[in-house]
Number of protein chains: 2
Amino acid sequence: MCAMNDTSRLKSETFKVACSSCNLRELCLPVGLARPDLDRLDALVATRRTVSRGDTLFRAGDEFQSLYAVRTGFFKTCVSSEDGRDQVTGFQMAGELLGLDGISNDRHSCDAVALEDSQVCVIPYSQLEDLSREFTDLQHQFHKIMSREIVRDHGVMLLLGSMRAEERLAAFLMNLTQRLQARGFSASSLILRMTREEIGSYLGLKLETVSRTFSKFQDEGLLEVKQRHIRILDQAGLQQLINGSTGC
Amino acid sequence: MCAMNDTSRLKSETFKVACSSCNLRELCLPVGLARPDLDRLDALVATRRTVSRGDTLFRAGDEFQSLYAVRTGFFKTCVSSEDGRDQVTGFQMAGELLGLDGISNDRHSCDAVALEDSQVCVIPYSQLEDLSREFTDLQHQFHKIMSREIVRDHGVMLLLGSMRAEERLAAFLMNLTQRLQARGFSASSLILRMTREEIGSYLGLKLETVSRTFSKFQDEGLLEVKQRHIRILDQAGLQQLINGSTGC
DNA sequence: CGTGTTGTTGAAAACAGTCAAATTCGGTGG
DNA sequence: CCACCGAATTTGACTGTTTTCAACAACACG
């Protein structure tokens, strides 16, 4: 129902939210680009797309044509195996790129699902390739973003491969708050956009374990947990959980 | 001691093993490139480097300058956290690329260690960027390789997040044999280049669990295990382990 | 103001981890 | 050539964490 209303809003924003004047430009694809590059990028990123909560931006198997930069809202990406196992591979917020997995095959290999009503900038991939042959800085920036995704994934492997439930949840919360803080939100208070099950899938835990661990953190005075409203009471304590337990 | 001897061998091979005539070209960076692109790539990949078993090709924190294509031998990559946790993030064999993590920061974020005496082709990154602005196919191929790495990482997350010990080891073995087979080796018999501990780190398990699981597979007639010599007796059985257990 | 979804909690079971000891293997030096 | 050494592997017994199953509570939505 808001898709209709949004059409006009979208149109009016098309000018306003060009990359060059987007308040996400320091977090998104345009990082570090100079004026001429930026102007060309503005031309490239002409269309936007609204995705309602619960809808998919793309699905595994869909033909790959574009990358998407989250403008507003919140996404998860999940892979699944033939036998029905599935795994949340990441949560994406404003300024983060979706769809890099699709380049390998010309097909997406994961689902991207909006966890709240969201808006993305559509970046036609073949045009991005064209443009990045012309502008060295854009090329370099794009490569950095892909590489950063690889490094991020390695961090998740470290988490999944070597941390216990409490450490995983603590690391997850610290990561979320850091990213929210970089976007101007509070460092100590947040609203989770995902269910316990989705957190569990991401962290390689069952939802009950996630719930129990939240409760434990609350009992220990690290957090205040009211369903999806989280207040961080002892950031240092959480950090210590991540670092401390192995090394004594 | 063999570094000295290798110098002459290296020199004599410099001509012979140009990408255009390399028997790995169907697995490596040159996949799908036409003649002119290939000739330029030959010029780019001029130097090689020998890495003895146990030595590092690069370490986390090292300045990033080049990518490396494995020519012969076998590597592992590991990340480690400040507090001393570490995690093997992958094993690389002939034709596979090392160092993509370094692009994000101009520093490597993991260690690459040779698990046997190895040789890599050195691909100076800034030159690769230059060349891939000129040759669309090379640019595209490079992007595909990075994207493929992201997809691979998502697969590892699925493994770490949703599989039990037996399933992980079965998946690991199937993956190894597939890759070995693509390189002309037997599909049913292999020699592991890594220790139980390294397998365990990759799979998020302790070395004892890896060892026990090997023994269990042997008892069940799936494998013949003699230290690092593995013979696969029941490929279908392994495959079933990966697919079957959840879905009944 | 119900109804279905999401979240919490408890008890028991399954799984992997820990600690410890024994064994095998590859390589080195006598 | 053989004996020995250290590293890697195997195996056993036990412990601890996480999962499973189940019931219940809280919340969001229509």
Side-chain angles (χ1 to χ4, degrees), chain A residues 1-2 52-54 76 85 87-88 113 115-117 159-170 172-173 191-220 223-230 241 245-246 248, chain B residues 1-2 52-54 76 85-88 113 115-117 159-172 191-220 223-230 241 245-248:
Chain A
M1 58 157 117
C2 48
S52 308
R53 183 187 145 131
K76 70 169 177 180
R85 255 184 255 275
Q87 172 74 23
V88 172
V113 181
L115 297 183
E116 58 181 334
D117 291 347
L159 178 144
L160 290 171
S162 76
M163 293 185 175
R164 291 172 324 113
E166 293 178 26
E167 300 167 337
R168 293 184 200 188
L169 189 63
F172 169 71
L173 289 170
I191 298 177
L192 301 172
R193 301 285 128 139
M194 67 295 277
T195 65
R196 301 289 190 259
E197 185 168 20
E198 287 161 336
I199 297 173
S201 172
Y202 181 62
L203 298 178
L205 302 169
K206 294 295 162 187
L207 67 95
E208 295 95 329
T209 307
V210 174
S211 177
R212 269 184 245 278
T213 309
F214 270 126
S215 300
K216 182 151 188 261
F217 284 175
Q218 182 160 244
D219 293 347
E220 289 169 345
L223 301 179
E224 183 184 289
V225 182
K226 283 188 186 151
Q227 303 283 131
R228 298 194 181 185
H229 295 252
I230 307 288
L241 250 180
S245 354
T246 317
C248 66
Chain B
M1 54 158 118
C2 48
S52 308
R53 185 187 142 126
K76 69 169 177 181
R85 254 185 257 275
D86 73 336
Q87 172 75 20
V88 171
V113 181
L115 297 182
E116 58 180 336
D117 292 346
L159 178 144
L160 291 170
S162 77
M163 292 185 176
R164 290 169 328 107
E166 293 178 27
E167 300 166 338
R168 293 184 199 188
L169 189 63
F172 169 71
I191 298 177
L192 301 172
R193 302 287 135 151
M194 68 295 278
T195 66
R196 301 289 190 259
E197 185 170 19
E198 286 162 337
I199 296 172
S201 171
Y202 180 62
L203 298 178
L205 301 169
K206 295 295 163 185
L207 68 94
E208 294 94 331
T209 306
V210 174
S211 178
R212 268 184 246 279
T213 308
F214 269 126
S215 299
K216 182 151 188 262
F217 284 175
Q218 182 161 245
D219 292 347
E220 290 168 345
L223 301 179
E224 182 184 288
V225 182
K226 282 187 187 153
Q227 302 283 129
R228 298 195 181 183
H229 296 253
I230 307 289
L241 250 179
S245 353
T246 317
C248 66

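Regarding contacts with the backbone of dT11(D), a side-chain N or O of S215(B) is found under 4.0 angstrom from either OP1 or OP2. An OP1 or OP2 oxygen of dT18(D) is reached within less than 4.0 angstrom by no side-chain nitrogen or oxygen of R168(A). For the pair T209(B) and dA16(C), the criterion of a side-chain N or O lying under 4.0 Å from OP1 or OP2 is not met. Using a 4.0 Å cut-off, no side-chain N or O of R196(A) falls inside it from OP1 or OP2 of dT6(C).
Here T195(B) lies in heavy-atom contact (under 4.0 Å) with sugar-phosphate atoms only. Residue contacts shown for G204(B) are limited to sugar-phosphate atoms, with no base heavy atom under 4.0 Å away.
The distance between atom CE of M163(A) and atom P of dT18(D), rounded to the nearest whole Å, is 13 Å. At whole-Å resolution of the value, CG in L205(B) and C1' in dT17(D) are 15 Å apart. Atom-to-atom, CD of E208(A) to P of dC15(C) comes out at 16 Å; the value is rounded to the nearest Å.
Of the candidates dT24(C), dT9(C), dT11(D), the closest approach to any side-chain atom of Q227(B) belongs to dT24(C).
The side chain to side chain donor-acceptor pair (under 3.5 Å) test applied to E116(B) returns R193(B), not counting sequence neighbours.
Residue whose closest nucleotide on DNA chain C sits further toward the 5' end, between R212(A) and R228(A): R228(A).
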